[in-house]
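Heads up: the structure comes next, in structure tokens.
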Protein chains: 2
Amino acid sequence: MTRPLRLALLGCGTVGAEVVRLLHEQAADLAARIGAPLEIAGIAVRRQGRDRGGLPVDPGVFTTDALGLIKRDDVDVVVEMVGGIEPARTWLVEALRAGKSVVTANKALLAEDGGTLHDAAAESGADLYYEASVAGAIPLLRPLRESLQGDTITRVTGIVNGTTNFILSAMDATGAGFAEALDEATELGYAEADPTADVEGFDAAAKAAILASLAFHTRVSAADVYREGITEVTAADVASAKAMGCTIKLLCIASRGPDSTGTESISVRVYPAMIPRSHPLASVGDAFNAVFVEAAAAGQLMFYGRGAGGSPTASAVLGDVVAVSRNRLAGVRTPSESSYAALPIRPMGEAVTRYHISLDVADRAGVLATVAGVFARHEVSIATVRQASASSSGGATPAARGVDAILVIVTHAAPDAALAATVEELRGLDIVRSIASVLRVEGGV
Amino acid sequence: MTRPLRLALLGCGTVGAEVVRLLHEQAADLAARIGAPLEIAGIAVRRQGRDRGGLPVDPGVFTTDALGLIKRDDVDVVVEMVGGIEPARTWLVEALRAGKSVVTANKALLAEDGGTLHDAAAESGADLYYEASVAGAIPLLRPLRESLQGDTITRVTGIVNGTTNFILSAMDATGAGFAEALDEATELGYAEADPTADVEGFDAAAKAAILASLAFHTRVSAADVYREGITEVTAADVASAKAMGCTIKLLCIASRGPDSTGTESISVRVYPAMIPRSHPLASVGDAFNAVFVEAAAAGQLMFYGRGAGGSPTASAVLGDVVAVSRNRLAGVRTPSESSYAALPIRPMGEAVTRYHISLDVADRAGVLATVAGVFARHEVSIATVRQASASSSGGATPAARGVDAILVIVTHAAPDAALAATVEELRGLDIVRSIASVLRVEGGV
């Protein structure tokens, strides 16, 4: 056995404390797997002296001087579990420049400005690992960036936010509205006091950017990701989905293909969508995560597991710690960022999607012809139309709402802009009393 | 760009031809990802001059002298797609000794004598990759040997043989018997002319050995794996499973834990078992594969995809080719085999399982007491007993079979030897007319 490898841990919250516990508990196994023992050189925390009862470390390792800790000569690996853009970015750039191996769970930073980190890593030849940043313990980044690198990934469709999946699962199970389901999630600890990052899709969008970057060998940042949250999903939408044999999930989707001019390009987006109950993602319940990958040769793959929580995230962090430690001992590094393809990113309007539209319309002759004419004008092809009974639409009866009939239309795939323009024009028709539900449809209904 | 990396392909069947095709089609992407172009130095085949129409290679690359090809100085990477123990073992040992990087899809060889390959790789410091050997394109080996190396894997439960999964799925869907379902599988090309390796569980056992080796950092060979095939699974078993809300799958199971003396040990086994329909593995249909992994910190994970076929296997092979090529260019190698734990392997009798037993018994007072007494004598605890109606047992009516009642018993977990001995003793009771079905139960019914 050679000299110990020394870790600087930044942050000691839920994940950090679990990492400390596992480093202690599994010390012998980790040492055997690496070929050298791991030691904690220091733990950077915001406030000194807070009670960290039970953590199996010398209280002297805690410090409020993160930058000082990072720069220490006896630190080999920096493990960042603080989150947020700053000061995490400054710390990690500093660490990489100093040639320290970096392990981070910071999805926001990677999605916002991963390029800066990758550049710093490339310059100094340091390892930058971030498996814990997406889908917690599910091994996903390594399969994407290593196992599938002999293949062409065409599409990644994921449920990558546990909070929203819990809320949507609850709405599906009980018929509750969004507000009620959010309250339940908050009560049970699945949603934070300020749930904005989750319910507005910011968290999922950050993960979508990271997944797309790896899948398509192209730098994608959070700003490139089209994003809609789940706050406007109604009980009526959920009922509409049920009537179609579907369920609603907040999906992150990254796809590649030729655009209308034939140029290979990518589209990255996050929104709630209907998927058939027979789709493997439909049965991913509660706070679980799953990512469905389609590749030219491999076909369809799915990865499933716990996307959050102290232990699963700590498992992913430690897997990375072992990897960079082995590399360090061997004096090697893992291949760095692969962004050679630099594919252009399509605006949302050019993404190809399908819509499910539920309309309350006047029940008079010629209504369907008028409605169908609107779709035709926007070159949107209709896959199915049905006149729904009031009960299956989940709302009040047509009579109670003063409408005469409900039309449920599912389109074929079309550019999102054409679909959106179709909905806008429908909204302006006087035979359309109201648009009860508009949802994108994914996963081949 | 540096000089090309040159490949020796051994074998040009379904997988080999697909690898050749993809090497050609994706040449630019592969070169960009590796940092150097790939070239085919030669393709070893059994018979020269066979028509290999349409393969995008110079006909001059084909040779029947595999060993000569492997030893050539201009060969960097040897890709073995021949299968079987010999001559593959001789070839790969030769390649590793000569310092060539090796990529193989050969599960039989790895399971039979992986140690010899790993030793040869360790001696010369050459890379040995074998993602394609288990579950085709599903990235599984890299997650096990890298992503989860900071965690303690406690159990791996997999559906890793597509042929048997197709047969069992068909039996479940149609109520057909084994022979009939096998015929259908053969007709559709899911089963080979000689289906022994699949239906007797040899293929699954080889994969179980490879998965257990990686999961538990212990050398496990095919001979260490307890194995039962699916040839004795009857339509009545399938009906019994249905009545329990279960389905029957051929599972490969690798688990670790303390044995009766408290020693940490592992158990590796392949057999058909009942799992609840709500279990994620239950919905894995047709020829798909899926592997369910449980780890102390990560919790439950599942990996799903196509386990066989030319394209999926070629995807896995090429992912490995890119990895070893990048390593070669960088002058590094991936950490080699990890077998430090060397955990003892428990015999099947000491594996802890649960049984589902369906008995045709005489309908007279005291029968249940007598039967329960047998379980108690073997210290097997009964979880549930129910008197099944004849219709739900799936067979002929009790009267038609000359029996009076059907008892369906599910046990709690117990050593397999105690469960087997219980069944033996039941078989000898004169109140037991026949034992209609005995199946192990997995996945927590």
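Below, chain A is the first sequence line, B the second, and so on; all start at residue 1.
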Most heavy-atom pairs under 4.5 angstrom with chain B, which of [options]?
{"options": "A:A314, A:P312, A:A296, A:G309", "result": "A:P312"}
{"options": "A:L23, A:V293, A:L144, A:L318", "result": "A:L318"}
{"options": "A:E146, A:E25, A:E18", "result": "A:E146"}

Side chain / backbone / both / neither for [X] at chain B, heavy atoms under 4.5 Å:
{"X": "A:L22", "answer": "side chain"}
{"X": "A:A323", "answer": "both"}
{"X": "A:R326", "answer": "side chain"}
{"X": "A:F303", "answer": "both"}
{"X": "A:T152", "answer": "both"}
{"X": "A:V322", "answer": "both"}

Greatest number of heavy atom pairs closer than 4.5 Å to chain A - which of [options]:
{"options": "B:G305, B:G331, B:S311", "result": "B:S311"}
{"options": "B:Y340, B:F288, B:Y129", "result": "B:Y340"}
{"options": "B:R306, B:E131, B:Q300, B:R33", "result": "B:R33"}
{"options": "B:A298, B:A137, B:A341", "result": "B:A298"}

Part of B:Q26 within contact of chain A (heavy atom distance under 4.5 Å):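 Side chain of B:Q26 only, per the 4.5 Å heavy-atom cut-off to chain A.
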Quick one: what part of B:I138 sits under 4.5 Å from any heavy atom of chain A, side chain, backbone, both or neither?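 Both parts, backbone and side chain.
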What heavy-atom pair brings A:L30 and B:G150 nearest, and what distance separates the two atoms? CD2-CA, 3.8 Å
For the student: nearest non-hydrogen atoms of B:S147 and A:R142, plus distance: OG-NH1, 3.2 Å
Is the shortest heavy-atom distance from the side chain of B:P143 to the side chain of A:P143 under 4.5 Å?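 Yes, close enough: below the 4.5 Å cut-off.
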